[in-house]
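Proteins come first, then strands; the chains are lettered A, B, ... in the order of their sequence lines, and each starts at number 1. Here the structure is a predicted model, which is why all the values come from computation and not from measurement.
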2 protein chains.
Amino acid sequence: MVQIKDVAKRAGVSVASVSRVLTGLPVVSEPTRLRVLAAVKELDYRPDLAARRLRSRRSDTIGLVVSDIRNPFFTEVSRAVEDVAFSRQMRVILCNTDEDPNKEASCLELMRDEKVSGVILSPSLKLLSHFTRADYGFPIVLVDRYERGIEADAVLLDNFDAAYRLTEHLLANGHRQIVFVYGAESATGRQRLEGHRAAMVKHQLPVQAEGVKPMEDQAREAALAVLKRSPLPQAVIASSGLILLGVAEALRATRTVIPRDIAVAGFDNLPWTQLVEPGLTVIAQPTYDMGREAIELLLQRIATPDKAMRQLVMRGELIERGSSAARQHT
Amino acid sequence: MVQIKDVAKRAGVSVASVSRVLTGLPVVSEPTRLRVLAAVKELDYRPDLAARRLRSRRSDTIGLVVSDIRNPFFTEVSRAVEDVAFSRQMRVILCNTDEDPNKEASCLELMRDEKVSGVILSPSLKLLSHFTRADYGFPIVLVDRYERGIEADAVLLDNFDAAYRLTEHLLANGHRQIVFVYGAESATGRQRLEGHRAAMVKHQLPVQAEGVKPMEDQAREAALAVLKRSPLPQAVIASSGLILLGVAEALRATRTVIPRDIAVAGFDNLPWTQLVEPGLTVIAQPTYDMGREAIELLLQRIATPDKAMRQLVMRGELIERGSSAARQHT
DNA sequence: CTGTTAGCGCGTTCAC
DNA sequence: GTGAACGCGCTAACAG
């Protein structure tokens, strides 16, 4: 294996100079710099990362800790994070928590052991509720989940606003009796419920909320129960893409026609939402951008650890489709 | 920072013994083992991974190199890989190639630099065609993409068989004029075309294949062109989930009714395929299992590098839904 | 079974 | 601007 001293020998300089060139220290004369670079290329020298990390105590690695990478939101975030990291010569280590605080703690320990430069974290409800500030030995940027007052960098949707606007849209189209199916164990779900509640209260309408566990089949069961009510509510809102999927399955299973029998709206502009008749009205999240912003924020935090914390609140985009069409007067 | 010699001092033993206990060498007496473990716990000692890796020349890290993690197939595979790796105390480093041979080469170099224990790779068509055997300095397991004769471990669907059976199913339901929309730049797509071709030839029917680039909008455009034909073909098969999505979008855009106007079938049992009316007939891949098998194969290869190569060919499951219903006689 | 010791390959002083 | 030498924390070889 070719190592730094081989390069030094070949270039006729000391190992120190090679190291200086490779780490980009600007204290090397141009001639030696070029000779070192040439030698590196000729020998196809690759620095040993383990040795470098041992010596420098940095890993140039980013940790990504999410509940489940199969959640399309996190899939997209991970892609953005990997893109940016790759372009900066950094690595990404992935860890799934399944919302399990124990596994979450393991993942965070793992990141500490790896001496990651920083972590992008989507915390479980439990961790979030205990979260005051990041004292893990590495900087953390929160994505998707955040509570007012937490002293941490974060990138998230304006959940309250998005749910408020989505509800207002349904109300404007004449829907009054609305059921809000949301993830009860999710900070995000709760915030969206509050936005929905605010809109309903403003119109002096009662709030009908159905809390479900964040699983597709749970959402489907809850939706089926809702669809058995008589009279049927006029509209249903799902607080996430996963829940919206469950609701859509329930509607199909019961042959309920959208929006004739019931109007539908939800979150996350997944590809299939425009496929189911007559297209589902949703709040689109700028997921890729959120991932990109998260890692940019993290890199800035790594570069300047002492700046004030920042929360980046992004606006959801209302995409109107047929599922929320105006109600016919009866 | 607490390090191994602190633990040694505390336990009243040498650093060597601590190391032996921690690496699991079975040459330590039970009493010393327990005292070391106690000292580790008391001091909350965490071994320095960089130092360990430098010395032992192993990283206990698995590389996952795929075209795009957002492809649901790879998302699922990555989840399986991470699950198994986590349970074995191993890390996963992710890299997206976008089917770009240059980026692919960069990713593989990155993995070499990281001295990964092994890589799970879904190669681009170009790399696959040059692939004879893995000589990257680490073992490789191919997933999803493989060509006969390549000397490498691999986990893949029996693409020929799956497409053959899917075609036979359509034929059995009376569909004769079938258009096969497939990923022309994909080894998998081509293999599926061959299975389709075999079934058509057997029934002495002409093959109508439309090669598209593996992008949703490309598939939609191709499908739109197909739907402009007069007379309309009796059925269309999409060779992947992404292409099926494009086809479904085209059908919806043209208000074509399934299966009255045209029958539809495809690959990948994604959640939305049962949502679009009247449910899409698909070949389901055991994606999670394929990922699990891939990393298991890799771990075995790492343990015993000289065993003969193995290819695990998995069978797709035909899920019949309304979209391929039997044709009414005219 | 246990302890001593020599590096693993590199980055970073400190002289020059 | 450059080189010699030390040590990052650990594992493995060897000696006892």
For this session: Specify the residue among A/T23 and B/A51 whose closest nucleotide of DNA chain C lies further upstream toward the 5′ end.
Result: B/A51

Exercise. Is a side-chain N or O of B/R292 found less than 3.5 angstrom from the main chain of B/A80, in a donor-acceptor match?
Worked result: no

Problem set entry | Least distance between heavy atoms, B/R52 atom then B/L22 atom | NH2-CB, 4.1 Å

Problem set entry | Gap between atoms NZ and P, on B/K5 and D/dG7 respectively (whole Å) | 10 Å

Exercise. Can a salt bridge be assigned to the pair A/R46 and B/E109 using a cut-off of 4.0 Å between side-chain N and carboxylate O?
Worked result: yes

Exercise. Do B/L156 and B/R145 touch side chain to side chain, with heavy atoms closer than 4.5 Å?
Worked result: no

Exercise. Is the shortest distance from a Lys or Arg side-chain nitrogen in B/R58 or B/D60 to a carboxylate oxygen in the other one below 4.0 Å?
Worked result: yes

Exercise. Considering only side-chain heavy atoms of B/S29, which listed nucleotide, C/dT2, D/dC10, C/dG9, is closest?
Worked result: C/dT2

Problem set entry | Spacing of A/R46 atom CZ relative to C/dC8 atom P, expressed in whole Å | 21 Å

For this session: Report the nucleotide, chosen from D/dT11, D/dT2, D/dC8, that has the shortest atom-to-atom distance to any side-chain atom of B/I4.
Result: D/dT11

At a cut-off of 3.5 Å, list every protein nitrogen or oxygen paired with a nitrogen or oxygen from nucleotides 4-7 of chain C, distance to 0.1 Å.
unit_1 : atom_1 : unit_2 : atom_2 : d
C/dG7  : N2     : B/R55  : NH1    : 2.8
C/dG7  : N3     : B/R55  : NH1    : 3.1

Exercise. Hey, is the side chain of A/Y45 poking within less than 4.0 Å of OP1 or OP2 on C/dC10, counting only N and O atoms?
Worked result: yes

For this session: Report yes if a side-chain nitrogen or oxygen of A/R33 is closer than 4.0 Å to either non-bridging phosphate oxygen (OP1 or OP2) of D/dG1; otherwise report no.
Result: no

Problem set entry | Residue pair A/F138 / A/K115, side-chain heavy-atom distance below 4.5 Å | no

For this session: Round to a whole Å and report the spacing from CG of A/L49 to P of C/dG11.
Result: 10 Å

Exercise. Has B/R52 got a side-chain N or O lying under 4.0 Å from the OP1 or OP2 atom of D/dT11?
Worked result: yes

For this session: For B/S56 and for B/V13, locate the closest nucleotide of DNA chain C by heavy-atom distance; then report the residue assigned to the nucleotide nearer the 5' terminus.
Result: B/V13

For this session: Write down the distance between CG (B/L22) and P (D/dC10), rounded to a whole number of angstrom.
Result: 9 Å

